[in-house]
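Reading through the structure tokens given below for one structure.
Lettering of chains follows the sequences in order, A, B, ..., and the numbering in each one begins at 1.
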Number of protein chains: 2
Amino acid sequence: MTTTYNDSLRPRVFGVIQRFIEPCILLLLSKNTSHGYGLLEDLEKHCGEKVDIGNLYRTLRKMETNGWVKSEWYGNKAGRDRRMYTITKKGHTFLEKAVTSLTQTDNLIHRLLEGYQRTFQKGVSL
Amino acid sequence: MTTTYNDSLRPRVFGVIQRFIEPCILLLLSKNTSHGYGLLEDLEKHCGEKVDIGNLYRTLRKMETNGWVKSEWYGNKAGRDRRMYTITKKGHTFLEKAVTSLTQTDNLIHRLLEGYQRTFQKGVSL
DNA sequence: TGTCATATATGTAATTATCATATAGCATAA
DNA sequence: TTATGCTATATGATAATTACATATATGACA
């Protein structure tokens with residue numbers, strides 16, 4: 001027996017945290033050096049959203065090959081060793097560009113939300 | 001000979017229009033009935049971004065199977081016939097939910113941009 | 001008849017996101 | 001001493017989205 005999946009009922013998130021994870025990480029790292037698991041906790045605290053831990057680690061390694069961050073192992077007596085990440089000059093440059101792109105996205109969402117308010121909250125005047 | 005692709009140089013758009021296309025379409029359709037190509041032009045005019053025409057048509061058909069819009073062919077003396085789309089009750093309900101999700105995304109981006117401003121524009125006070 | 005603008009649509013590759021699993025160190029409880 | 005739980009890093013596989021390319025059709029106009 002096959003069940004037909006109803007796409008219209010699927011919950012839709014229009015701005016998943018994963019999409020913004022790179023600038024989020026770089027912003028956190030420009031304040032403090034940190035490691036994967038620590039960033040996970042900070043991201044969830046600041047963003048109020050669950051972050052996929054697998055992708056977070058993969059993203060960090062990719063960001064390192066991109067030269068945006070560099071990492072170094074740090075001993076941890078209380079548990080497994082930590083790979084600590086530091087933002088680089090290149091990372092700062094990228095963050096700057098990301099902020100420009102995010103500002104545009106912000107404008108787009110604003111226009112959409114304002115259009116919605118105009119149409120449905122205040123009637124269709126103007 | 002193989003060339004290594006430098007991922008760090010790839011332009012990154014953090015909020016592609018495609019991601020927000022469904023609510024954008026529904027908002028436009030809640031003002032006027034329209035067709036694919038017309039929506040394409042309106043979307044580009046309002047969003048200042050190129051929209052992938054192939055995906056737009058596919059999205060519209062999917063939105064129809066989801067019951068958010070319905071379509072009807074309209075004769076067009078000046079060219080090919082047009083498939084005109086109208087928003088449905090279900091589409092309005094979805095748009096409402098989308099706006100909630102988009103408001104959350106908006107907040108997330110704001111927190112990020114504000115954090116950036118605080119860290120880099122006004123120094124690290126507070 | 002050739003090109004351009006409008007108009008709808010499908011094929012497929014590349015990228016991104018989700019879900020699952022593996023491994024390891026230490027603490028603490030059973 | 002084994003099991004469970006939390007921290008910590010990492011990979012495998014699949015699902016979903018996005019980007020790029022191509023096909024087709026109608027009418028206008030040169």
From the list [options], which nucleotide is the closest neighbour of the side chain of [X]?
| X | options | result |
| --- | --- | --- |
| A:Tyr37 | C:dA9, C:dT8, D:dT9 | D:dT9 |
| A:Arg10 | D:dA10, D:dA16, C:dT23 | D:dA16 |
| B:Gln18 | C:dA17, D:dA19, D:dT24 | D:dA19 |

Would you classify [X] as touching base, sugar-phosphate or nothing, given that sugar-phosphate means primed atoms plus P, OP1 and OP2, and contacts are heavy atoms under 4.0 Å?
| X | answer |
| --- | --- |
| A:Leu40 | nothing |
| B:Arg58 | base |
| A:Gly38 | nothing |
| B:Arg12 | nothing |

Provide, to the nearest angstrom, the distance between the [atom1] atom belonging to [X] and the [atom2] atom belonging to [N].
| X | N | atom1 | atom2 | result |
| --- | --- | --- | --- | --- |
| B:Met63 | D:dT17 | CE | C1' | 16 Å |
| A:Asn76 | D:dC6 | CG | P | 17 Å |
| B:Arg82 | D:dA25 | CZ | C1' | 14 Å |
| A:Ile21 | C:dT16 | CD1 | P | 14 Å |
| A:Leu60 | D:dT9 | CG | P | 9 Å |
| B:Ile17 | D:dA19 | CD1 | P | 11 Å |
| A:Tyr57 | D:dG12 | OH | P | 17 Å |
| A:Glu22 | C:dA17 | CD | C1' | 13 Å |

Test item: B:Glu44 side-chain N/O and B:Val51 main-chain N/O as donor-acceptor pair under 3.5 Å: yes

B:Asp81 (side chain) donor-acceptor with B:Asn76 (main chain) under 3.5 angstrom: yes

Distance-minimising heavy-atom pair for B:Val13 and A:Arg19: O-NH2, 3.7 Å

5' priority, DNA chain C, between B:Gly54 and B:Glu41 [closest heavy atom]: B:Glu41

Toward the 5' end of DNA chain C, by each residue's nearest nucleotide, A:Arg19 or B:His35: B:His35

Under-4.0 Å side-chain N/O to phosphate OP1/OP2 contact, A:Arg83 with D:dA10: yes

Aromatic plane relationship, B:Phe20 with A:Phe14 - under 30° parallel, 30 to 60° tilted, over 60° perpendicular: tilted

Whichever of A:Asp7 and A:Arg61 has its nearest DNA chain D nucleotide further upstream toward 5': A:Arg61

Pairwise 5' ranking along DNA chain D for B:Lys62 and B:Ile53, keeping only the more 5' one: B:Lys62

Polar side-chain contact B:Asn55-D:dA19 base: donor and acceptor under 3.5 Å: yes

4.5 Å side-chain heavy-atom contact, A:Asn66 and B:Leu9: no

Polar side chain donor-acceptor pair, A:Asn32 to A:Ser34, under 3.5 angstrom: no

